[in-house]
2 protein chains.
Amino acid sequence: MSDPPLRADARRNRARILAAAAEVFDAHGTSASTEEVARTAGVAIGTVFRHFPTKADLLTALMKDLQERLAGRAAALAEEGDGTALFTFFAEVVEYAAGARTVVHLLAVDVGVDRQVAALGAAVEVLLARAGEAGTVRAGVRADEVTALLAAACHGALAAGWTPDLRHRAVARLLDGLRP
Amino acid sequence: MSDPPLRADARRNRARILAAAAEVFDAHGTSASTEEVARTAGVAIGTVFRHFPTKADLLTALMKDLQERLAGRAAALAEEGDGTALFTFFAEVVEYAAGARTVVHLLAVDVGVDRQVAALGAAVEVLLARAGEAGTVRAGVRADEVTALLAAACHGALAAGWTPDLRHRAVARLLDGLRP
DNA sequence: CTAAATTATGAGTCATCACTCATCTTGTCA
DNA sequence: TGACAAGATGAGTGATGACTCATAATTTAG
């Protein structure tokens, strides 16, 4: 069921390609060419297609990376058990989205940050439960609402014209709607 | 300063093209080809380019239409002077965005719903002022925050996976953050 | 160290578009 | 109605970009 291990150079190139893809898509959007990714990775175009038969596969791999990192962070925050962990997580994700602009943006448009963020649903539920116990969240707030607002805020954060200040104020207002 | 009036057939075709563009871009996104728009309009490709020298020009024209309609609606609501006009407007715009999915979506990505929505800034300020007088809005809320949240909600509304029910609840939470 | 298998290379293919232009059609106005 | 200008037509152009494949270079097992 498991494929034979990759050759050393193949493993190295795969990592380089992923790093290059993150950089290129972040800078020029998902419409950037696969060739540009290959150039940035210092690899031939054919190599990129050997590892990721389709451009979508490349995007998907990037997305998986992102999700794992975010889910990990959510778990770590939940661990601490603080009633404000949900709010912290929310703000952090939005900040991340604002920084990694294009990656998140394009994932949103082309593959679905939404599906992405939705995959974090379980993590959000845990955080919401913690907040509920601590009484830091308004009664009746459901996890899917929180997830939806998070997705919307990420979309907004990577929109042109959102200064850091505006972003912080907007997120604050948004979180106000969740507080008792 | 004003161009000579268009010939009758030219006026008719222009209107047909705009209608077709709205329909096609709504169904297949802005990446739909200009040829598809021409076909839907029942017109040759050259005719589209005569009226809109660039695909971006076509998108812009569509956007201008949209903005005028929204600004008009905002003015009408402000006229009524009710303290809840801001909230009504907010919810209506999000509902519209959810329906006209791709048009708004693509405008957002390619030309900027954000710039678009920002152009409604003046309208929002008036509505916010009304709400302030009526005491229906939390003290310290600024117009740019409202506009930002509106843009975010529109982005969210056209995301996959937002059912009407979820959309309504999310918007309600969002507006809760603006209330006293 | 050598052979076989895996991987890398990059010029080339094919499809898709935005956009052009020489030619034909139609509206307008005297 | 006739003639001229404005507009319509659609095959063609050039650019771009995803993806292929025959060949060359590496890695690794024995």
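In what follows, every chain begins at residue 1, and chains take the letters A, B, ... in the order their sequences are listed.
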> Please give, in whole Å, the distance from C:dT25 P to B:Arg50 CZ?
Replying inline: 16 Å

>> Can you pull out every salt bridge (charged side-chain N to carboxylate O under 4.0 Å, His left out) where at least one residue sits in residues 171-180 of chain B? Sequence neighbours excluded, please.
In response: A:Arg138-B:Asp176, A:Glu145-B:Arg173, B:Arg173-B:Asp176, B:Asp176-B:Arg179

> Looking at the side chain of B:Lys55, which of C:dT9, D:dT9, C:dA18 is the nearest nucleotide?
Replying inline: C:dA18

Anything under 3.5 Å between a protein N or O and an N or O of nucleotides 1-5 of chain C, put it in a table, one pair a line.
none

>> Reading DNA chain C from 5' onward, which residue's closest nucleotide shows up sooner: B:Ser33 or B:Ala8?
In response: B:Ser33

>> If you only use heavy atoms from C-beta on, which nucleotide in C:dC19, C:dA11, D:dT9 is closest to the side chain of B:Val43?
In response: D:dT9

> B:Ser33 side chain to B:Glu36 main-chain N or O, any donor-acceptor pair under 3.5 Å?
Replying inline: yes

> Roughly how many Å is it from CG in A:Leu6 to P in D:dT28, rounded to a whole number?
Replying inline: 11 Å

Side-chain donor/acceptor pairs under 3.5 Å, residues 45-57 of chain A, sequence neighbours excluded:
{"from": "A:Lys55", "atom 1": "NZ", "to": "A:Thr30", "atom 2": "O", "distance (Å)": "2.6"}
{"from": "A:Lys55", "atom 1": "NZ", "to": "A:Ala32", "atom 2": "O", "distance (Å)": "2.9"}
{"from": "A:Asp57", "atom 1": "OD2", "to": "A:Thr54", "atom 2": "N", "distance (Å)": "3.2"}

> Whole Å only: how far is the NE2 atom of A:His51 from the P atom of C:dT7?
Replying inline: 8 Å

>> What contact category does A:Ala38 fall into here, base, sugar-phosphate, or nothing, at under 4.0 angstrom with non-hydrogen atoms?
In response: nothing

> When the distance from CZ of B:Arg14 to P of D:dA6 is rounded to whole Å, what number comes out?
Replying inline: 18 Å

> When you measure from the side chain of B:Asn13, which nucleotide among C:dC19, D:dT9, D:dA8 comes out closest?
Replying inline: D:dA8

> Can you tell me how far C1' of C:dT16 sits from CD of B:Glu35, to the nearest Å?
Replying inline: 10 Å

> Should we say atom CD of B:Glu79 is surrounded by more than 12 heavy atoms from elsewhere, each under 6.0 Å from it?
Replying inline: no

>> For B:Ala157, is there any backbone N or O sitting under 3.5 Å from a side-chain donor or acceptor partner on B:Arg167?
In response: no

> Atom CZ of A:Arg39 and atom C1' of D:dG17: how far apart are they, to the nearest Å?
Replying inline: 12 Å

> Does a side chain donor of either A:Asp165 or A:Thr163 reach within less than 3.5 Å of an acceptor in the other side chain?
Replying inline: no

>> Let's see if you can work this out: which of D:dC19, D:dT9, D:dA11 has an atom nearest to the side-chain heavy atoms of A:Phe49?
In response: D:dC19

> If you check every side-chain atom of A:Thr34, which of D:dA8, C:dA8, D:dA18 has the closest atom?
Replying inline: D:dA18

>> Which nucleotide wins on minimum distance to the side chain of B:Asp9, given the candidates C:dT9, C:dT20, D:dA8?
In response: D:dA8

>> Is it the case that the side chains of B:Arg69 and B:Tyr96 hold a donor-acceptor pair, with the cut-off being a distance below 3.5 Å and no angle test?
In response: yes

>> Output the rounded distance in Å from CZ (A:Arg12) to P (C:dT7).
In response: 13 Å

> Starting at the 5' end of DNA chain D and moving along, which residue's nearest nucleotide shows up first, A:Pro53 or B:Gly42?
Replying inline: B:Gly42

>> Nearest whole Å is fine: how far is D:dA18 P from A:Glu36 CD?
In response: 11 Å

